[in-house]
Amino acid sequence: MPALAYSRPLMYTYHIVNQKKTAARAKIVRCLCEGNSIRATARICDCAINTVVKLSLEMGAARIEWHSANVVNLNSLVVQVDEIWAFVGCKEKVATAEKKAEGQGDCWTWTALDSDSKLMISWNVGPRDDSTCRDFIDDLGYRLKNRIQLSSDGLALYNNAVKMTFGANVDYGQVIKVYGQEEGGEKRYSPAICTSCHTKAITGDPMNSLISTSHVEGQNLNIRMGCRRFTRLTNAFSKKVENHTMAISIYFMFYNFVRPHQTLTKESGKAGNRYPTTPAMAAGLTDHAWTFEEMIETVLG
């Protein structure tokens, strides 16, 4: 009988503690998604570095499972794919055989973007090889229910992967860019100059006006600005490939469900009010922009 007398205050205390815990987690995730490093996040949130790393790993792993189960049967019609470079531990030119065996060296993130809703449909982290490309395109095909127009750059790895996954049920075109010689002293900081660019139909009957990688390349800039591990010429790079994968996983959920997209947010009503619209809302996956607390509770419970 005495136990019943304490049941209500104990449950109330448990609820308040959980609220504080979720708010603290949300603050950490917000800092990470807005381009802060792990150490900066720990200072801002007044917590240990290991707390930030642990939450990142837990949140990233849970988010991958949630994405696999819920971001499916999409009505996408125009999809663009690309790869964005980073490195883990050290750059490829100084990576020893032992370091490469641990996953260190060059690390590519393969991304697939819905050109209309701006939804990040699928992504994969790994080397720039045939196996990783196949896994990436297979996952993309699994999430779609319509015949799509697909665009990529001129990377030859896509040809076989798209053929194996979609067969003839795709309109696929490539953007072929030709770059000139890099000038002395600019190799490290500036990209080579693009001397020519043309489109090429590979499979099906793609509309030439829709063969483009502009949207997904613009998203690459968002990734570099919003995920600290992709910032060039800093020491904020990932030390482990697992940490790198989980960090980009969290960022993509933030991008899809939490942050309103400027090109999707339109005026509503005569008062000129603007209704924040996220890529997930435009894709029909949700009816509102999530908060960080809602994202954490949805994924972690």
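Since the structure is predicted, the reported quantities are computational estimates derived from the model, not experimental observations.
Between the side chains of E217 and T213, at least one donor-acceptor pair of N or O atoms lies under 3.5 Å. Side-chain contact check for N124 and D139: no donor-acceptor pair (N or O, by modelled atom type) lies under 3.5 Å. Side chains of Q219 and D82: no donor on one and acceptor on the other come within 3.5 Å.
Residues T165 and L140 form no side-chain contact, since every pair of their non-hydrogen atoms from C-beta on lies 4.5 Å or further apart. Contact of the D116 side chain with the S76 side chain is not registered, since no non-hydrogen atoms from C-beta on lie closer than 4.5 Å. Taking 4.5 Å as the limit, some side-chain heavy atom of F252 sits within range of a side-chain heavy atom of T111. With a 4.5 Å cut-off on side-chain heavy atoms, T41 and R228 do not count as touching. Annotation: side chain of N243 is in contact with side chain of R229 (closest heavy-atom distance under 4.5 Å). Between Y275 and P260, the closest side-chain pair of non-hydrogen atoms is not below 4.5 Å. Contact check for L74 versus D114: no side-chain heavy atoms found under the 4.5 Å cut-off. The closest side-chain heavy-atom distance from F254 to E34 is below 4.5 Å.
When all heavy atoms are compared, the tightest approach of K99 to C90 is CD-SG, 3.8 Å. Summarising the geometry of G173 relative to I211, their closest heavy-atom pair is C-CG2, 3.8 Å, with the distance given to 0.1 Å. Contact detail for V216 and Q80: the closest heavy-atom pair is N-OE1, 3.1 Å. When all heavy atoms of T291 and V258 are compared, the pair lying nearest together is O-CG2, 4.2 Å. Shortest non-hydrogen contact noted between V241 and V88 is N-CG1, 3.5 Å. Across S117 and L264, no two heavy atoms sit closer than the pair O-CD1, 3.3 Å.
S37 places a side-chain N or O within 3.5 Å of a backbone atom of A40 that can act as its donor or acceptor partner. Not a single donor-acceptor pair under 3.5 Å links the side chain of R25 to the backbone N or O of L55. The closest donor-acceptor contact from the side chain of S56 to the backbone of M246 lies at 3.5 Å or more, if one exists at all.
Classification of E102 and K240 as a salt-bridged pair fails, no side-chain N sitting under 4.0 Å from a carboxylate O. Between D130 and R134 there is no salt bridge, since none of the side-chain N atoms of the basic residue sits less than 4.0 Å from a carboxylate O of the acidic one.
Contacts of W290 classified as side chain to side chain donor-acceptor pair (under 3.5 Å), with partners at least two apart in sequence or in another chain: T286. In this structure R39 satisfies the side chain to side chain donor-acceptor pair (under 3.5 Å) test with no other residue, sequence neighbours excluded.
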Inset, instruction - Under the side-chain contact (heavy atoms from CB on, under 4.5 Å) rule, what do L119 and L285 come out as? Steps first, then yes or no, please. - result: CA-CA 10 Å; L119 182 77; L285 297 175; 4.0 Å; yes

Inset, instruction - Run the numbers on L150 and I202 for side-chain contact (heavy atoms from CB on, under 4.5 Å), then give the verdict. - result: CA-CA 10 Å; L150 181 66; I202 305 298; over 6 Å; no

Legend entry - Full working for side-chain contact (heavy atoms from CB on, under 4.5 Å) between I64 and H67: CA-CA 5 Å; I64 291 174; H67 184 89; 5.8 Å; no

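Across T203, I137, D138, D171, a single residue satisfies side-chain contact (heavy atoms from CB on, under 4.5 Å) together with F166, and that is I137.
In this structure, the separation between OG on S122 and CH2 on W110 is 12.0 Å, given to the nearest 0.5 Å. Distance check, rounded to the nearest 0.5 Å: OG of S115 to CG of L77 gives 10.5 Å.
No more than 12 heavy atoms of other residues, nucleotides or ligands sit less than 6.0 Å from atom NZ of K200. Within a 6.0 Å radius of CG in N146, more than 12 heavy atoms belonging to other residues, nucleotides or ligands are found. With a 6.0 Å radius and a threshold of 12 heavy atoms from other residues, nucleotides or ligands, R30 has its CZ atom at or below the threshold.
In this structure, the ring of W66 has its center less than 6.0 angstrom from the ring center of F257.
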